[in-house]
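Read the numbers this way: they start at 1 and go in the same order the structure lists the ligands and their atoms.
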Amino acid sequence: MKTYQILIAGGGAAGLSVAASLKRRDASLTIAIIEPSETHVYQPGQTLVGRGVMSLEQLKRPTHTFIPPGVDWIKAAVTAFKPDANEIDLDNGTTLAYEHLVVSLGLKLNLEGIEGLADTLGQNGVTSNYVTELSAYTWDQVQKLKTGRALFTQPPMPIKCAGAPQKAMYLSCDYWLKENRLSGVDVEFHNAGAVMFGVADFVPVLESYIKKYGVKTCFSSTLIRVDGPAKKAWFKQGDGSVEETTFDLLHVTPPQCAPDVVASSALANEAGWVDVDQKTLQHTRYTNVFSLGDVCSAPNAKTAAAVRKQVPIVADNLLAARKQQAMPGVYDGYGACPLTVEVGKVVLAEFGYGGSLKPSFPLDPRVPRSLYWWMKTTGFPWVYWNLMMRGREWLVKTSP
Ligand SMILES: Cc1cc2nc3c(=O)[nH]c(=O)nc-3n(C[C@H](O)[C@H](O)[C@H](O)COP(=O)(O)OP(=O)(O)OC[C@H]3O[C@@H](n4cnc5c(N)ncnc54)[C@H](O)[C@@H]3O)c2cc1C
């Protein structure tokens, strides 16, 4: 059985970036990334594909171009974590051993959590920017809708990029408004939660756009069933009752959870996520295991922006742990959500644990700005591809 000094389970945004950061710190490390997919997708761009601002092809790059020199890419999926033996099993029948493990498997879109959804998604006007290939179908359906009922849904937290369900709605409304169709489209936002956004400072500006677009907001309203051909959807209400309604376009944000292979392992907390200390990102019981990105239990906003801050913290702390030294990195919960309230304007919500505001720019973060639209469409993708994914940690500190 082969043993690596560091195994990285999951080569998405977090796994590929942390591999690059580790190799830059110590080129002699033996590292392998376990990742089945040949294509890496820049998921934050899916919102823009849903509005025709970017193409799907612009979001995709070959995974192999992000495997740092000297790192092994094992093109397989993890089927079992065995942290008591420091081993993992793969779907190609092999078992690998490690000295240190990084778990970065992302999260699972639980399509089965909504009855009928998997059968109709991508047809009958039922779409989701959360499913990479369907973000283009969103744009197709938004353009085709002349009049009728457009429903946008948000499931219970946690989900990745908690603002993305409403971003899809604002950008669609922006299009219908510019096409002089909005008065003929009934737009509803069905939110399983009780507020428009988890950080109160950003709610008033979002409410101003809700008003501008004439959106009806339905709180404590959770999508539980869809019948695509009949164009019907059912929502469970806070009091337990179920309401049936019709739609012409239904943008669904599926419920989200930890991947089964994590949730069923000894690494998981009660909710299924990899159980880490929220400051060090080290596992709470297995000290040679670290986790970052969507799969870890830290209560930050699950975003690529959070990954960018977590990567150097995990790299520093893991290498310190290997030398039995004190871990220097402290994660403050930073995450960011660029709320695309209209084409050309973004409210850049940046915040840490407890909803504390963490703006990167000396500007009032509650104001929609064209500068942030440029960041969302041009600046952030450049930072992602050229800095974060290459282990270049500009403007990232590992301790407060
Ligand atoms: C519609 C949408 C909009 C978003 N908008 C933003 C935004 O504006 N700003 C922002 O910062 N973030 C945004 N995000 C969130 C951001 O994309 C994620 O938080 C980020 O990609 C998380 O990185 P990750 O590495 O944890 O997960 P991923 O990048 O999803 O990577 C997980 C990897 O694990 C692999 N994997 C899964 N199972 C296994 C297995 N069993 N074995 C081996 N490998 C496995 C997968 O193939 C994948 O490559 C958005 C996401 C979506 C979907």
Side-chain angles (χ1 to χ4, degrees), residues 7-19 32-51 54 59 63 66 73-81 88-92 96 102-109 127-135 138 158-168 171 251-254 256 258-265 273-274 291-296 298 300-311 314 334-340 346-350 372 375-377 379-381 383-384 388-389:
L7 265 185
I8 299 174
L16 292 169
S17 302
V18 83
I33 298 173
I34 301 151
E35 167 60 49
S37 175
E38 288 192 356
T39 305
H40 179 76
V41 178
Y42 176 65
Q43 297 172 39
Q46 290 171 204
T47 296
L48 299 173
V49 174
R51 177 58 171 85
M54 279 180 115
L59 309 187
T63 300
F66 296 99
W73 175 19
I74 296 161
K75 200 168 160 294
V78 178
T79 51
F81 290 99
I88 57 175
D89 293 339
L90 306 182
D91 65 351
N92 61 13
L96 295 173
V102 178
V103 185
S104 45
L105 290 192
L107 56 67
K108 173 176 140 180
L109 299 178
T127 190
S128 179
N129 286 348
Y130 276 79
V131 180
T132 303
E133 300 303 322
L134 292 187
S135 49
T138 301
I159 60 171
K160 52 182 159 184
C161 195
Q166 56 191 297
K167 291 192 231 180
L171 290 180
H251 181 276
V252 180
T253 300
Q256 298 166 32
D260 299 340
V261 67
V262 170
S264 62
S265 78
W273 309 103
V274 180
S291 181
L292 74 168
D294 294 347
V295 75
C296 82
N300 56 279
K302 293 184 184 295
T303 55
V307 168
R308 190 169 72 85
K309 300 280 185 172
Q310 293 171 343
V311 165
V314 168
Y334 176 90
C337 189
L339 294 151
T340 49
V346 160
V347 175
L348 184 54
E350 294 175 283
Y372 298 151
M375 295 294 297
K376 170 75 187 164
T377 53
F380 294 151
V383 167
Y384 185 92
M388 182 177 116
M389 296 282 281

Suppose I only count heavy atoms of P36 and a 4.0 Å limit; which atoms of ligand 1 are within that range? 43 (C), 44 (N), 45 (C)
Which atoms form the tightest heavy-atom contact between S17 and A13, and what is the distance? OG-O, 2.6 Å
If you compare I34, D91, L105, I74 by their heavy atoms, the one closest to atom 45 (C) of ligand 1 turns out to be L105
What atoms of ligand 1 come within less than 4.0 Å of a heavy atom belonging to P338? 7 (C), 8 (O), 9 (N)
Below 4.0 angstrom from a heavy atom of V78, which ligand 1 atoms are there? Numbered from 1 as shown, please. 40 (C), 41 (N), 42 (N), 43 (C)
Polar side-chain atom of S104 near backbone of L292 as donor-acceptor pair, under 3.5 Å: no
Taking all heavy atoms of V314 and all of S291, pick out the closest pair and write down the distance. CG2-O, 4.3 Å
Please write down residue, atom name and distance for the protein heavy atom closest to atom 27 (O) of ligand 1. G106 CA, 3.5 Å
Quiz question: by atom type and distance under 3.5 Å, do the side chains of Q43 and K160 form a donor-acceptor pair? yes
Show which atoms of ligand 1 fall inside a sub-4.0 Å distance from at least one heavy-atom site of T47. 3 (C)
Which ligand 1 atoms does K376 reach within 4.0 Å, using its non-hydrogen atoms? 7 (C), 8 (O)
Nearest protein heavy atom to atom 50 (C) of ligand 1, by residue and atom, and its distance? C161 CB, 3.5 Å
For A77, is there any backbone N or O sitting under 3.5 Å from a side-chain donor or acceptor partner on D91? yes
Heteroatom proximity flag, V295 to ligand 1, N/O under 3.5 Å: no
Report, in ascending order of atom number, the atoms of ligand 1 lying under 4.0 Å from any heavy atom of G11. 49 (O)
Determine the minimum heavy-atom distance between T303 and A336, stating which atoms define it. CG2-O, 3.3 Å
If we set the cut-off at 4.0 Å for heavy atoms, which region of A77 has an atom near ligand 1: side chain, backbone, both, or neither? both
On a heavy-atom basis, I'd like to know which of A9, G12, A80 is closest to atom 31 (O) of ligand 1. G12
Check whether H251 reaches the backbone of P165 with its side chain - one donor and one acceptor, N or O, closer than 3.5 Å. no
Check ligand 1 against K167 and write out every atom of the ligand that is under 4.0 Å from a heavy-atom position of the residue. 5 (N), 7 (C), 8 (O)
Taking both backbone and side-chain atoms of A164, is any N or O found less than 3.5 Å from an N or O belonging to ligand 1? no
Can you tell me which residue among I34, I33, I74 is in a side chain to side chain contact (heavy atoms under 4.5 Å, CB included) with I8? I33
Do you know which two heavy atoms are closest between A9 and V78, and how far apart they sit? CB-CG2, 4.0 Å
Side chains of Y130 and Q46: donor-acceptor distance under 3.5 Å anywhere? no
Heavy-atom pair with the smallest gap, counting every atom of Y384 and V41: OH-O, 4.0 Å
Minimal non-hydrogen separation, L134 against T127, with atom names: O-OG1, 3.2 Å
Between K167 (side chain) and P338 (backbone), is there a donor-acceptor pair under 3.5 Å? yes
Any nitrogen or oxygen of A304 lying under 3.5 Å from a nitrogen or oxygen in ligand 1? Just yes or no. yes
Heavy-atom contacts with G293 under 4.0 Å: which atoms of ligand 1 show up? List them by number with element. 26 (O)
Kindly say whether P44 contributes a backbone atom to a donor-acceptor pair with the side chain of K376 at under 3.5 angstrom? yes
How far is atom 18 (C) of ligand 1 from its nearest protein heavy atom, and which residue and atom is that? D294 OD2, 3.5 Å
Starting from atom 7 (C) of ligand 1, which protein heavy atom do you reach first, and at what distance in Å? P44 CB, 3.6 Å
For atom 25 (O) of ligand 1, what's the nearest protein heavy-atom neighbour? Residue, atom name and distance, please. A14 N, 2.8 Å
Please list the nearest protein heavy atom to atom 23 (O) of ligand 1 with its residue and the distance rounded to 0.1 Å. A13 CB, 3.5 Å
Backbone or side chain, does any N or O of E35 fall under 3.5 Å from an N or O of ligand 1? yes
Shortest protein heavy-atom distance from atom 1 (C) of ligand 1, along with the residue and atom involved: N129 O, 3.6 Å
Does Q43 approach ligand 1 within less than 4.0 angstrom via side chain, backbone, both or neither, non-hydrogen atoms only? both
